[in-house]
Amino acid sequence: MSTRYNARAAEPKWQKLWEDRGTFRTPEPSGRPKYYVLEMFPYPSGRIHMGHVRNYTMGDVIARYKRARGFDVLHPMGWDAFGLAAENAAMEKNVHPKSWTYDNIAAMRTQLKAIGLSFDWDRELATCDPEYCGHEQAIFLDFLEAGFVSRRKSMVNWDPVDNTVLANEQVIDGCGWRSGAPVERRELTQWFFNITDFADDLLDGLDTLEHWPEKVRTMQRNWIGRSEGAKVFFALDGVAEAPDYKLEIFTTRPDTLFGASFCALSPHHPLTQKLAADNADLQAFIRKCDQIGTSEEAIETAEKLGFDTGLKARHPFIEGKTLPVYVANFVLMEYGTGAIFACPAHDQRDLDFARKYDLPVIPVVAPKDLTETARAAFVEELAAHSTDAFTGDGVAVNSDFLNGLDVMAAKRAAIEKLEAMSLGQGTINYRLRDWGISRQRYWGCPIPVIHCEACGIVPVPRDQLPVVLPDDVTFDKPGNPLDRHPTWKHVDCPKCGKPARRETDTFDTFVDSSWYFARFCAPKAGTPTVRAATDRWLPVDQYIGGVEHAILHLLYSRFFTRAMHRLGHVGLDEPFARLFTQGMVNHETYRDAAGKWLPPSEVAIETAGGKRVAKRISDGTPVTIGSIEKMSKSKKNTVDPDDIISQYGADTSRWFMLSDSPPERDVQWTDAGAEGAWRFTQRFWRLAAGADDIAPAGASRPESFDDAALALRRAAHKALDALTDDIEHLRFNRAVARIYELANAISGFVPANDAGKWAKREALEFMVLAAAPMMPHLAEECWAALGHEIPAVDTEWPVADKALIVEDSVTIAVQVNGKRRDELTVARDADNETVERAALALEKVGKAIDGKAVRKVIVVPGKIVNVVV
RNA sequence: GCGGACGUGGUGAAACUGGUAGACACAAGGGACUUAAAAUCCCUUUCGGGUAACCGAGUGCGGGUUCGAGUCCCGCCGUCCGCACCA
């Protein structure tokens with residue numbers, strides 16, 4: 001044996017062996033239980049980063065562990081390959097998005113393979129592959145036929161410089177994230193998935209996802225934002241062009257209608273727009289509202305502003321009463337109907353507005369159980385002075401037929417009355433919007449429809465799929481290259497044969513990632529999915545990824561699965577049975593004297609007088625050590641996995657990513673930590689491969705063991721048992737600690753006889769096999785050195801002997817008045833009386849009792865004795 | 001503002017359903033081996049007092065429940081995340 005473990009030589013060797021043997025190829029149905037492990041697939045940016053290493057290592061540990069436990073494992077990998085970055089690269093570096101993307105994929109595949117991940121590479125796919133696109137287009141056509149898709153005008157964020165639509169998250173402080181130009185609101189005809197039709201189902205489904213983080217479920221619940229209430233129609237006086245105009249509003253508090261003091265319209269409400277057409281003051285007001293901006297700060301400090309339209313709305317319940325109609329900056333067109341009725345007494349915003357414009361405040365709900373006088377005082381105070389609206393539960397007052405009812409009952413009664421009068425109806429409103437999927441981009445999956453003057457929207461016939469992107473495009477001009485391509489969009493209508501126009505918008509890339517998990521079940525099939533395959537593998541048993549996808553990707557995938565279920569592609573609604581969101585990888589930041597960010601590779605850290613001091617390696621100038629932040633290019637605090645792997649090996653990186661921090665929390669990358677992990681791989685190697693005082697492989701178990709050997713066996717079985725449980729629960733940092741414990745136990749053991757040698761081999765084999773999912777290459781190397789022909793990866797997971805885990809005797813703490821005074825070793829099954837007597841006999845206990853009368857003795861078997869005096 | 005998570009040594013963290021707080025690792029200090037260094041091995045390391053045995057304090061702060069609280073309850077303070085004029 002050489003004295004050093006050479007990861008650089010060993011790792012490729014074992015990777016090749018696994019590949020040659022087809023070890024990780026997904027098995028054909030075998031009757032064994034299945035397990036589908038999936039990590040969110042990456043965007044092929046060109047380089048793997050440490051976050052990927054962490055994410056994929058966690059998945060790999062599970063995949064390898066489940067494989068060893070006898071599961072048929074599906075563990076695929078692919079590429080979320082469409083997206084804007086490829087077009088930006090095309091513009092900046094003059095490379096074609098396609099070659100840029102596929103080159104990146106090739107580079108990243110090589111990097112991922114160097115980590116030794118147990119993917120079935122035969123199932124690899126990229127969402128930009130024409131086959132994948134074609135199947136996605138077929139699913140879209142299915143959705144279209146099934147009525148899950150619609151096409152309508154909607155307001156979008158339009159970047160006037162880049163000539164493209166921006167997603168909400170691409171708008172920063174009202175400007176395009178790339179161009180910096182102020183974003184315009186523009187009305188555009190767009191394709192939508194009717195996700196709101198599934199809103200209730202998506203909401204209810206969350207209750208079944210018990211193995212999802214509560215946090216993610218809450219976020220989705222809030223995002224869907226279901227609220228029950230009523231639509232109310234207010235007849236308007238003073239709309240000259242439409243005397244019968246009815247203003248439709250949404251409210252969750254129909255019980256407060258008797259407290260209404262005004263109505264308010266969004267600046268973007270159609271009626272507002274109509275009124276503004278010949279009203280310059282209103283136009284100016286609308287402009288003022290739009291200028292306030294969308295930053296959090298602006299919204300938080302924004303004053304309530306209103307513009308009196310002069311219109312009057314007729315109160316639905318009070319004959320002859322009218323309410324002024326304002327345009328107000330705090331009313332959003334995107335929510336509800338874009339118009340409200342305001343009850344200042346019971347809504348803070350309405351109250352702020354009413355106090356500012358001196359509108360009436362009419363309390364119609366009072367706290368329960370107030371005396372007559374107290375209630376009158378409450379009403380008086382709220383109406384006249386208070387600046388705090390009363391939003392709590394209570395009883396209706398000043399509300400005619402609602403008086404005396406509590407809020408819930410009053411809501412119901414109000415809705416009933418509105419419905420009877422045909423002035424409104426109970427309704428449910430969602431915050432969730434339909435999913436706009438049109439993108440005016442080149443590098444995406446083309447939407448497979450054709451626009452014909454005569455026939456309208458015509459789906460591309462299925463035998464003409466996939467609609468592929470043209471290669472000959474230019475990026476020298478802003479806007480969508482598909483749109484200005486000389487020939488691509490010109491096609492004959494499949495229905496009437498006349499010249500027609502291809503849809504030039506492409507899908508939002510979230511569409512691509514909404515079904516890839518289903519495609520992985522049968523990635524080569526001629527149909528988008530194969531039902532037998534999705535039935536066999538879905539749901540994904542363990543899905544792992546970052547929390548940043550808690551809402552969009554996961555919600556869209558849940559929607560897709562439901563829609564695909566109705567069409568028979570899959571047989572279930574929820575694609576991901578268990579979800580785990582892992583934390584980020586952080587690193588210290590460094591800046592030079594000029595405040596410029598420096599990468600860790602250019603900085604040397606020294607410890608002087610207990611303080612850490614940083615210097616620039618090149619010239620020794622001082623460097624400021626900054627805060628610990630998520631690794632990012634902008635702050636240059638990144639560590640390249642390739643560098644780490646070439647320096648220490650993949651197993652060291654994997655080990656370090658799993659140790660110390662709980663997987664759901666952020667982990668800090670430190671050089672010292674990485675070195676520590678590397679030192680341990682070496683120690684592990686010396687311990688396992690260098691052991692010359694162990695029994696031969698396959699030797700039968702001795703009849704008896706001396707105390708030291710028995711203690712080692714106990715330690716080994718205990719560590720194995722605990723580690724197995726830790727991996728089952730994804731507590732990788734604890735699993736790592738168990739390996740350290742076991743290694744420490746083995747290090748301190750010297751066999752005194754053959755039984756001892758046998759015990760040491762057993763412990764070493766446990767250690768190697770238990771570490772194998774985490775450090776697979778090192779484990780193989782050690783396993784072979786221990787004399788095994790069959791690779792560790794094909795060796796079954798060892799099972800701990802429960803009899804060895806339970807100790808015969810236990811050490812328990814003895815407390816006096818809850819304070820620990822001594823400890824006591826007793827037989828595991830000693831009865832309470834014996835334990836109590838032994839505890840009281842202890843010298844230190846007697847001293848602590850100090851002659852006082854013992855009032856009570858609590859004995860918790862196997863845990864503790866507490867003497868109360 | 002609303003919702004959620006969290007707060008434990010110099011550091012990352014353990015502590016299952018209330019039962020010996022600090023496992024395991026990093027860092028630091030000391031020692032062994034070596035001509036020397038690297039590597040390795042051993043020891044110390046929650047804080048305060050004491051040579052020591054030992055004593056006292058200790059899981060953000062203040063209360064409470066309990067024989068017993070890092071863990072449960074109430075009220076604060078702080079950090080992080082999500083949402084946000086949602087009618």
Side-chain angles (χ1 to χ4, degrees), chain A residues 3-4 213-223 225-227 229-230 249-254 256 264 266 292 296 298-300 302-304 328-332 334-343 346-350 352-353 429-431 547-548 550-551 607 610 612 656 659-662 664-668 670-677 679-680 682-683 686 722 725-726 729 731 733-744 747-748 811-824 844 847 855-869:
Chain A
T3 51
R4 276 208 170 187
E214 190 52 49
K215 179 184 173 176
V216 174
R217 293 198 282 171
T218 305
M219 283 164 75
Q220 293 214 352
R221 237 174 244 127
N222 293 341
W223 187 263
R226 178 192 152 106
S227 57
I249 64 97
F250 174 75
T251 180
T252 57
R253 296 295 302 273
T256 63
S266 162
I292 285 175
E296 300 118 72
I299 288 171
E300 203 149 324
E303 205 183 352
K304 304 275 177 290
N329 64 340
F330 67 91
V331 181
L332 305 174
E334 295 78 36
Y335 188 79
T337 61
I340 61 162
F341 89 85
C343 175
H346 306 292
D347 182 287
Q348 193 57 49
R349 292 156 303 171
D350 297 350
D352 294 346
F353 191 89
N429 191 60
Y430 299 92
R431 208 190 82 104
V547 235
E548 64 272 23
I551 297 173
T607 313
R612 297 174 71 241
F656 181 51
S659 49
D660 290 345
S661 287
E664 68 278 9
R665 233 182 277 180
D666 287 359
V667 67
Q668 195 198 343
T670 61
D671 288 345
E675 273 165 37
R679 278 199 303 270
F680 183 67
Q682 295 297 333
R683 189 178 154 217
R686 285 194 303 273
D725 192 55
D726 289 336
H729 293 95
R731 296 186 290 236
N733 58 320
R734 299 210 312 200
V736 164
R738 310 289 181 202
I739 296 287
Y740 276 112
E741 269 172 344
L742 181 51
N744 290 345
S747 296
T811 302
I812 61 176
V814 182
Q815 302 177 332
V816 177
N817 283 346
K819 191 162 282 190
R820 182 178 169 276
R821 292 296 170 181
D822 203 354
E823 56 185 34
L824 181 64
K844 286 177 191 167
K847 217 170 109 191
R855 290 204 315 209
K856 200 172 9 167
V857 178
I858 288 141
V859 180
V860 184
K863 298 264 169 144
I864 208 161
V865 180
N866 192 9
V867 182
V868 188
V869 297

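In what follows, every chain begins at residue 1, and chains take the letters A, B, ... in the order their sequences are listed.
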With 3.5 Å as the limit, what N/O pairs link the protein to nucleotides 56-60 of chain B?
unit_1	atom_1	unit_2	atom_2	d
G56(B)	OP2	Arg821(A)	NH1	3.4
A57(B)	OP2	Lys819(A)	NZ	2.9

Tell me, please, which residues at least two apart from Glu548(A) pass side chain to side chain contact (heavy atoms under 4.5 Å, CB included).
none
Sugar-phosphate only, base, or nothing, as touched by Val868(A) at under 4.0 Å among non-hydrogen atoms
sugar-phosphate
Using a cut-off of 4.0 Å on non-hydrogen atoms, how would the nucleic acid contact of Asn733(A) be classed: base, sugar-phosphate, or nothing?
sugar-phosphate
Residues that Phe250(A) engages under ring pair (Phe, Tyr, Trp, His ring centres under 6.0 Å), provided they are two or more places apart:
none
Between protein and nucleic acid, restricted to nucleotides 36-46 of chain B and to nitrogen or oxygen atoms under 3.5 Å apart, what atom pairs and distances do you find?
unit_1	atom_1	unit_2	atom_2	d
U40(B)	O3'	Arg686(A)	NH2	3.4

When we call it a touch if two heavy atoms are under 4.0 Å apart, what does Asn744(A) touch: a base, just sugar-phosphate, or nothing?
sugar-phosphate
Restricting both atoms to N or O, compile the protein contacts to nucleotides 50-53 of chain B shorter than 3.5 Å, with distance only.
none

Results of side-chain hydrogen bond (donor to acceptor under 3.5 Å, both in side chains) for Asp666(A) - residues two or more places apart only:
Asn586(A)
What nitrogen or oxygen pairs link the protein and nucleotides 9-12 of chain B at under 3.5 Å?
unit_1	atom_1	unit_2	atom_2	d
G12(B)	O2'	Ser661(A)	OG	2.9
G12(B)	N2	Asp660(A)	OD1	2.9

May I ask you to decide whether Lys304(A) forms a salt bridge with Asp350(A), counting only side-chain N to carboxylate O separations under 4.0 Å?
no
Using the side-chain hydrogen bond (donor to acceptor under 3.5 Å, both in side chains) criterion, which residues pair with Glu675(A)? Sequence neighbours excluded.
none
Run the side-chain hydrogen bond (donor to acceptor under 3.5 Å, both in side chains) test against Arg226(A) and tell me which residues pass, sequence neighbours left out.
Asp200(A), Glu228(A)
Pull out every stem in RNA chain B, meaning runs of 3 or more consecutive Watson-Crick or G-U wobble pairs with both distances under 3.5 Å.
B:1-7 with B:77-83, B:10-12 with B:24-26, B:28-32 with B:40-44, B:46-49 with B:54-57, B:60-64 with B:72-76
Heavy atoms from C-beta onward define the side chain here; which of A25(B), C81(B), C67(B) lies closest to that of Lys215(A)?
C81(B)
Which residues pass the side-chain hydrogen bond (donor to acceptor under 3.5 Å, both in side chains) test with Asp347(A), sequence neighbours left out?
Arg349(A)
Need one value for Thr670(A): base, sugar-phosphate or nothing, where a base atom within 4.0 Å counts as base even if backbone is also close, heavy atoms only.
nothing
Could you work out which one of C16(B), A21(B), C85(B) sits closest to the side chain of Arg820(A)?
A21(B)
By side chain to side chain contact (heavy atoms under 4.5 Å, CB included), Ser661(A) pairs with (sequence neighbours left out) Arg54(A), Val667(A)
